[in-house]
Amino acid sequence: MEEVFQQNRRAYGSRRIKERLDKKNLILSRRKIRRIKKRRGLKSSYTKPKYRVHSCQSNQKKIANHLDRKFTQTKALSAVVTDLT
């Protein structure tokens, strides 16, 4: 079990080690593999996901406020107001 772990750059967890041992016709449960790893101080190396903040460009334009909350107009259809939500 430890040999499979070392051969794969100390990156395999219990599931992958079990899969490899099954191919070699060695039967060990995942829980047994976890206990052995814990007892011997073997920890799998893994990379943390790196997140980048993406700037959202949809619906972010600044639109001028032409009405300035003066919704009553003198001419018909001089200003049309809608709600986009």
Side-chain angles (χ1 to χ4, degrees):
M1 194 268 332
E2 193 169 346
E3 181 184 319
V4 172
F5 183 73
Q6 298 294 344
Q7 284 175 351
N8 294 290
R9 299 177 310 212
R10 305 176 58 89
Y12 275 13
S14 60
R15 292 174 194 243
R16 284 176 134 179
I17 291 173
K18 177 173 175 43
E19 193 176 295
R20 290 291 175 131
L21 293 177
D22 285 344
K23 288 181 182 177
K24 293 181 178 183
N25 294 326
L26 295 172
I27 299 171
L28 276 176
S29 70
R30 274 187 25 236
R31 285 147 190 90
K32 180 79 171 177
I33 293 169
R34 279 187 7 209
R35 282 195 302 268
I36 293 170
K37 281 180 63 176
K38 188 174 184 178
R39 206 172 335 143
R40 295 185 183 181
L42 305 174
K43 289 190 178 180
S44 302
S45 61
Y46 60 93
T47 57
K48 286 188 178 181
K50 296 177 184 176
Y51 297 104
R52 280 188 269 158
V53 178
H54 299 294
S55 61
C56 181
Q57 296 178 355
S58 63
N59 296 331
Q60 296 294 322
K61 289 184 179 179
K62 296 290 182 184
I63 299 173
N65 187 2
H66 296 292
L67 290 180
D68 197 29
R69 301 199 56 84
K70 297 174 187 161
F71 300 119
T72 49
Q73 300 293 316
T74 53
K75 288 197 289 186
L77 296 176
S78 63
V80 179
V81 180
T82 64
D83 184 16
L84 298 177
T85 57

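Each residue takes its place number in the sequence, starting with 1.
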Novice: What distance do K38 atom NZ and I36 atom CD1 have between them, rounded to the nearest 0.5 Å?
Specialist: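 Reported to 0.5 Å precision, the distance equals 13.5 Å.
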
Novice: Is it the case that more than 12 heavy atoms not belonging to R30 sit under 6.0 Å from its CZ atom?
Specialist: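 Check passes, neighbour count above 12.
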
Novice: More than 12 non-hydrogen atoms from neighbouring residues, nucleotides or ligands closer than 6.0 Å to CD on E3, yes or no?
Specialist: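 Check fails, neighbour count at 12 or below.
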
Novice: List for me each residue that meets side-chain contact (heavy atoms from CB on, under 4.5 Å) alongside K37, sequence neighbours excluded, and say none if there are none.
Specialist: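 Scan of K37 (side-chain contact (heavy atoms from CB on, under 4.5 Å), adjacent residues dropped) gives M1, F5, I17, I33, L42, S44.
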
Novice: Considering non-hydrogen atoms only, spot the tightest contact between D22 and L26 and give its length.
Specialist: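 Where D22 meets L26 most closely, the heavy atoms are OD1-O, 3.6 Å.
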
Novice: Can you give me the closest heavy-atom contact between L28 and K32, atom names plus distance?
Specialist: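 For L28 versus K32, the nearest heavy atoms are CD2-CG, 3.6 Å.
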
Novice: Among residues at least two apart in sequence or on other chains, which ones pass side-chain contact (heavy atoms from CB on, under 4.5 Å) with A11?
Specialist: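 A11 satisfies side-chain contact (heavy atoms from CB on, under 4.5 Å) with S45 once adjacent residues are dropped.
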
